[in-house]
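Take a look at the structure below.
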Amino acid sequence: MRNTPITRFTGRAAPLMIDNIDTDQIIPSREIKSVGRDGLSDGLFAAWRYNDEQARHPNPDFILNKPGFAQAIVLLTGRNFGCGSSREHAVWTLKEYGIRAVVAGSFGEIFFDNCVRNGILPIIIDIKTVRKLAEHAGRDADNEITIDLEQQHLAMGDTGSGFAIGAYAKRLLLEGLDPIDLTLKDQSKIDAFEARDRRDRPWIYDGPV
Amino acid sequence: MRQATTLFDKLWAMHRIADSGDGAELLALDRVFLHERTGGVALKALAEENRSVRSPDRVWAIMDHVVSFREDRDRDESRSPGGEQFILETRQRAHAAGIGLIDTDDQRQGIVHVVTPELGLALPGMTIVCPDSHTCSLGALGALAWGIGSSQAEHAMATRSLRVQKPKQMRVCVDGVCSPDIGAKDVALHLIATHGAAGGNRCAIEFTGEAVSSMGVEERLTLCNMAVEFSAFTGVIAPDEATFRYIKGRKYSPQKEQWTQALDHWRALKTDAGAIFDHEISIRAQDVFPTVTWGTSPEEACPLDQDVPLDANPRALDYMGLKPGQCLSNLPIKGVFIGSCTNGRLSDLRAAAEVLRDRKVADGLRAVCVPGSRLVRKQAEAEGLDRVFKQAGFEWGAPACAMCFYAGGETFAPGDRVVSSTNRNFEGRQGPGVRTHLASPATVAASAVAGRITSARSVMGTA
Ligand code: SF4
């Protein structure tokens, strides 16, 4: 169990209403300096967040540099968030920064999965509703969002919305479960499959390797 | 009567272990491929959680992403600062886990999606995953192959299975035949430009039609490679005699009785008449022209003799230094790159060399060609293509992903306009501020000669 369970929480939300933010904008390649999952959060949105990336001079116009928004735990964003390269660093970076949920019009597919297995809640809602939330959040960092995974509902100010999420994803997130342990419970089924398949397709198992 | 099913349905059913609830199924995996950029991380995490690789003989790590492409590179040399540790870590972890390793100095080395088909490690009917989005390339062989994240790679290695939601299905039919100067890359860019970068809608896409079946296997790999840029779950093409000829005799292809047995099995891998897809798209080969991107998404593309659309996305134009209505052809360029898993195979180098033969790249232009694998490079050299490239003024690199993506280190200068045979033109993809125009290898070569964006037709005088 390596993820923190997510049930219901309230916190600040940073609006970043751009469509198609790809994983390289979330964490540029050049910011990935080690073989590991940590030391990444400084590089989050580096190209936008810093005027001078080398010297780490903050760009005062970027949302996470505005007063109060550095503590955001929810990101509000446009369509197709996390598209592009499948690098999971994008999710690890957000997680290390402290982001617990991303609310978007839609997500890159691999990114969505990566969120779930790393304990970040990806929420898809109607883009108009995201825009409303973003407007409200942008007015004052103290305008907090409440997300309730159990009830599948989020609310901020007078805007509220239900959201859909698959039962498996929900279980992983609610319980902070590791997907590998869950699958290994089915070990006997995997073994039985392989025994059968080996007879049908022997070249897969003992080819000329 | 048995219900008519698609190729994808068959591949799926063959690997289905169990229903795992919530619309997802547990699928058996035949191969897991890794590269040093994401694979080392997955191997490390697995080891740290005290888990082992369940079937190490079906897992292969291949060095490609940050490996230096200098011709006489050292064994551990990276093109990006700090990149050596990815190479060292992956090597050490691969040895410890007992998985297959194709190291930087191995004669089989190259880009994972180029190497695995040419060695016969990727075969029709297999399920294949790799923590890299362009794994969909391998669908060209009739495999079910898709890109995953690092944690999924851990899951795949620890359990030899993955839990997957069966995607919706789409058939993309390319009717008619393309004219000889049209590459699979043009077809892919045309498709994406016509239906949008989200047009694939997370579907598993089967590519069919006369234009597809008349493509060579390498071109099919290019087409399927671009499926992910179309937001597809993956691409797949039914294996046929051309596929079997391509596979036969490769280093790890089945042999003797196993070959016959496999062939029987593979011949059944096709969509039944009357099978239903969730979506159908068809494009006409005769509508495909040499195509180039003008923006920062692969959908922002058009035939290169057309103008930037008047309603083009201003943010993209600003980055690309272009104006609405500006003519694409004859835009001056600073550099070109030929290589990558999209267009770094022998047929790609041949197409470029045909344009470059007895010609020179324009003055002041940096031109780089990096074959997709050592095998490609060796075959190209046996045909004398290296001389054609070098005499034209190209750098001739050692196999790696090279300038397909920026990972720190040396690249084109900010603001440089570059024509590239790669698959992504996102902001900063080839370096900070670098303006990437995607195109086929023939268009890239022609543009290198002209010093401007131009088609092979106009350079070779057969317009
Ligand atoms: S060549 Fe480019 S797209 Fe292909 S695997 Fe390497 S970095 Fe990715």
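We name chains A, B, ... by the order of the sequence lines, and we start the count at 1 in each one.
For H134(B), no part lies near chain A; criterion is any non-hydrogen pair under 4.5 Å. Of the atoms belonging to A47(A), not a single heavy atom falls under 4.5 Å from chain B. Neither the backbone nor the side chain of L119(B) has a heavy atom closer than 4.5 Å to any heavy atom of chain A. Both the backbone and the side chain of F233(B) come within contact range of chain A, judged by heavy atoms closer than 4.5 Å. Heavy atoms closer than 4.5 Å to chain A are found in both the backbone and the side chain of F86(B). Interface remark: Q152(B) contributes backbone and side-chain atoms alike to the contact with chain A (heavy atom separation under 4.5 Å). With a 4.5 Å cut-off on non-hydrogen atoms, H155(B) touches chain A through its backbone and its side chain both. In this structure, chain A has a heavy atom under 4.5 Å from the side chain of A45(B), while its backbone stays farther away.
If you tally non-hydrogen atom pairs under 4.5 Å between each of I110(A), D200(A), T183(A), L184(A) and chain B, the highest count goes to T183(A). Listed options H15(B), E48(B), M126(B) were ranked by heavy-atom pairs under 4.5 angstrom with chain A; first place goes to H15(B). Heavy-atom pairs under 4.5 Å with chain B were tallied for R171(A), E109(A), R30(A), K170(A); the largest tally goes to E109(A). If you tally non-hydrogen atom pairs under 4.5 Å between each of R79(A), H89(A), Q187(A), E53(A) and chain B, the highest count goes to Q187(A). Ranked by heavy-atom pairs under 4.5 Å with chain A, the first of R16(B), Q261(B), E257(B) is Q261(B).
Between the R51(B) side chain and the I180(A) main chain, no donor and acceptor come within less than 3.5 Å of each other. Judged by distance alone, the side chain of S29(A) and the main-chain N or O of Y406(B) form a donor-acceptor pair under 3.5 Å. With hydrogens and angles disregarded, a donor-acceptor distance shorter than 3.5 Å links the side chain of E88(A) to the backbone of S151(B). The closest donor-acceptor contact from the side chain of Q85(B) to the backbone of K33(A) lies under 3.5 Å. With hydrogens and angles ignored, the 3.5 Å screen pairs no side-chain donor or acceptor of R87(A) with any backbone N or O of S150(B).
Rounding to the nearest 0.5 Å gives a distance of 9.0 Å between OG of S297(B) and CG of N80(A). Here the straight-line distance linking atom NZ of K185(A) with atom OG1 of T159(B) works out to 14.0 Å at 0.5 Å rounding. Interatomic distance, D24(A) CG to R429(B) CZ, rounded to the nearest 0.5 Å: 7.5 Å. Going from atom CD1 of I204(A) over to atom CG of L29(B) covers 11.5 Å, rounded to the nearest 0.5 Å. One distance of note links CZ of F112(A) with CZ of R202(B); it measures 7.0 Å at 0.5 Å rounding.
The two atoms that bring S133(B) and S85(A) nearest to each other are OG-CA, 3.9 Å, heavy atoms only. Among all heavy-atom pairs drawn from Y205(A) and R58(B), the shortest one is CD2-NH1, 3.5 Å.
For the pair R163(B)/L182(A), no side-chain contact is recorded, criterion being any heavy-atom separation below 4.5 Å from C-beta on. For the pair S161(B) and K189(A), the minimum side-chain heavy-atom distance is 4.5 Å or more. No side-chain heavy atom of E154(B) sits less than 4.5 Å from a side-chain heavy atom of R117(A). For the pair R37(B) and I32(A), the minimum side-chain heavy-atom distance is below 4.5 Å. Under the 4.5 Å side-chain criterion, counting only non-hydrogen atoms from C-beta, F193(A) is not in contact with L26(B).
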Take R54(B) and D191(A) through the test salt bridge (charged side-chain N to carboxylate O under 4.0 Å, His left out) and record every step on the way to the result. CA-CA 11 Å; R54(B) 197 171 128 77; D191(A) 290 344; 3.0 Å; yes
Dump the intermediate steps for salt bridge (charged side-chain N to carboxylate O under 4.0 Å, His left out) on R201(A) and D30(B), then the final yes or no. CA-CA 10 Å; R201(A) 304 186 306 149; D30(B) 295 326; 2.8 Å; yes
Steps toward side-chain contact (heavy atoms from CB on, under 4.5 Å) verdict (E427(B), D22(A)): CA-CA 9 Å; E427(B) 284 185 28; D22(A) 66 75; over 6 Å; no
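For R56(A), the CZ atom is densely surrounded, since the number of other residues' heavy atoms within 6.0 Å is greater than 12.
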